[in-house]
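Have a look at the structure below, then the notes.
All heavy atoms count here, side chains included; hydrogens, waters and symmetry mates do not.
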Amino acid sequence: MSEADNVYRSILRARVNGALTMARAAGGITHNGMKGRVREILIRELFRPLLPADIGITSGQIATCKSQKLSREHDIIIFDGSILPAMSFDGSTAIIPIESVLYTIEVKSTLSRSELEGAHRSAKELAEFDYLPGRSFRDGVEIQHGVANLNSTLFALNSDLSPSMHGEVKRYKGIYVGDVPHLKALCVAGSGYWYEVNGSWIKFGNEAEGDDVLAFMGGVMNTYNMVRATRGFQKIGEYLIKVGAEFQSFPSGTTPTINVKCEGCEDKAVVSFPSNVDVTQDWTQGFVAPQACPKCAGKLIAPPGTYSLTDGLFVLNVAH
């Protein structure tokens, strides 16, 4: 053990090297189920032991609330089920709301240009997914805030390139030129670990076998919480309740209300008033609520006219 080592790292390095040996042996067998076997080894031996119990790790697809989009299948997904739960089918694959996803890791037995192009396209698709805001005012109106995108990465057991200082990222730069590197980190076991930051690719090499894989794992563990902290408190109901679904209200009598409709998404809502509000209101120019639609931030409106308070609800007076 070198002076720079500690017992913890030494144990993990031994575990990494053992896992790589098993994964390479499985990856060398040409069988449809072997990729799944490699994936299972990496999850079980490398990542699961370092993740706390409240962080999930699985394979599967990623969903977004605001459209019918569903990602292609990802080899390894690291997610926080306390933000929004995954929908698991067989205990190993799942559909996960994007708001919960912190990292994806694409796994390759031997990295080639075509494999790298496919991983880049997959990461680019995820970068275009929308996230729900996870913060709101006390009245439930959502606050638009910054949300950190998930980090898409790639891990390969081998490469068809000879090991070099920057060969892998030079090849990748030729793929994303004119765009951005949607894959934020690359690791080829035995060749190096690279991550992109502030316009540069930073490389960790191998002073000892397994160092590049340990550095890749350390990068994931050091940063997933920073992504997690931006997600806020999500509402599972946003995925369950259909936008624009039939909406009916009945005044409870506790405070005056008016039924409104969003000018943008056409979702329906109820707006309340102070209890001492005048029982007759002249909204001949139309009523526009002071708050925006919680779904799309559009205007909440009611038809123009004169309204009277009837059983706690402002109702449009109809001329006879």
How about [atom1] on [X], more than 12 heavy atoms from neighbouring residues, nucleotides or ligands closer than 6.0 Å, or not?
X: D311; atom1: CG; answer: no
X: E209; atom1: CD; answer: no
X: K203; atom1: NZ; answer: yes

If you look at every heavy atom in [X] and [Y], which pair is closest and at what distance?
X: G56; Y: R48; result: CA-NH1, 4.0 Å
X: S109; Y: L157; result: O-CB, 3.5 Å
X: N17; Y: G210; result: OD1-CA, 3.6 Å
X: E45; Y: A19; result: CB-CB, 3.6 Å
X: P133; Y: Q234; result: O-OE1, 3.6 Å
X: A94; Y: S88; result: CB-CA, 3.9 Å

Kindly compute the distance separating [atom1] ([X]) from [atom2] ([Y]), expressed to the nearest 0.5 Å.
X: I301; Y: I258; atom1: CD1; atom2: CD1; result: 11.0 Å
X: I96; Y: D80; atom1: CD1; atom2: CG; result: 11.0 Å
X: T306; Y: L316; atom1: OG1; atom2: CG; result: 8.0 Å
X: M217; Y: L51; atom1: CE; atom2: CG; result: 9.0 Å
X: K170; Y: I175; atom1: NZ; atom2: CD1; result: 15.0 Å
X: L46; Y: F155; atom1: CG; atom2: CZ; result: 6.5 Å

Candidate pair L300 and V288, rule side-chain contact (heavy atoms from CB on, under 4.5 Å), full reasoning: CA-CA 6 Å; L300 296 173; V288 179; over 6 Å; no

W201 ring center within less than 6.0 Å of Y195 ring center: no

F314 and F287 aromatic centres sub-6.0 Å: no

Residue pair [X] / [Y], side-chain heavy-atom distance below 4.5 Å:
X: L309; Y: T280; answer: no
X: I62; Y: I98; answer: yes
X: E128; Y: K69; answer: yes
X: I43; Y: I76; answer: yes
X: F79; Y: L84; answer: no
X: P304; Y: Q285; answer: no
X: L111; Y: N158; answer: no
X: D211; Y: R13; answer: yes

Quick check against the 3.5 Å criterion: does [X] have a side-chain atom that pairs as donor or acceptor with the backbone of [Y]?
X: S122; Y: G118; result: no
X: T153; Y: T104; result: yes
X: Q61; Y: L70; result: no
X: D212; Y: Y193; result: no
X: T310; Y: L313; result: no
X: T257; Y: S272; result: no
X: R228; Y: G232; result: no
X: T230; Y: V227; result: yes
X: S10; Y: N6; result: no

Polar contact flag, side-chain donor to acceptor under 3.5 angstrom, [X]-[Y]:
X: N317; Y: S308; answer: yes
X: E168; Y: S159; answer: yes
X: S252; Y: T254; answer: yes

Tell me whether [X] shares a hydrophobic cluster with [Y], the cluster being built from Ile, Leu, Val, Met, Phe, Trp, Tyr side chains joined at under 4.5 Å.
X: F129; Y: I236; result: yes
X: I57; Y: L214; result: yes
X: L154; Y: I202; result: no
X: L102; Y: L50; result: yes
X: I78; Y: F216; result: yes

For the pair [X] and [Y], find out whether any cationic side-chain nitrogen is under 4.0 Å from an anionic carboxylate oxygen.
X: D160; Y: R171; value: yes
X: R113; Y: E117; value: yes
X: E99; Y: R231; value: no
X: D267; Y: K261; value: no

Worked check of ring-ring contact (aromatic ring centres under 6.0 Å, His included) between Y172 and H120: CA-CA 9 Å; Y172 184 38; H120 174 76; 5.5 Å; yes

Worked verdict on H166 versus V169 for side-chain contact (heavy atoms from CB on, under 4.5 Å): CA-CA 6 Å; H166 297 303; V169 291; 3.8 Å; yes

V107 vs L42, side-chain contact (heavy atoms from CB on, under 4.5 Å): CA-CA, chis, key distance, verdict: CA-CA 9 Å; V107 176; L42 297 177; 3.7 Å; yes

side-chain hydrogen bond (donor to acceptor under 3.5 Å, both in side chains) evaluation trace for S114 with S112: CA-CA 5 Å; S114 62; S112 64; 3.1 Å; yes

Verdict with supporting geometry, E106 and H74, side-chain hydrogen bond (donor to acceptor under 3.5 Å, both in side chains): CA-CA 6 Å; E106 300 309 307; H74 292 272; 2.6 Å; yes

Worked check of side-chain hydrogen bond (donor to acceptor under 3.5 Å, both in side chains) between Y103 and T223: CA-CA 9 Å; Y103 261 87; T223 53; 2.4 Å; yes

CA sep, side-chain torsions, deciding dist, call: V38, D75, side-chain contact (heavy atoms from CB on, under 4.5 Å): CA-CA 10 Å; V38 170; D75 295 320; over 6 Å; no

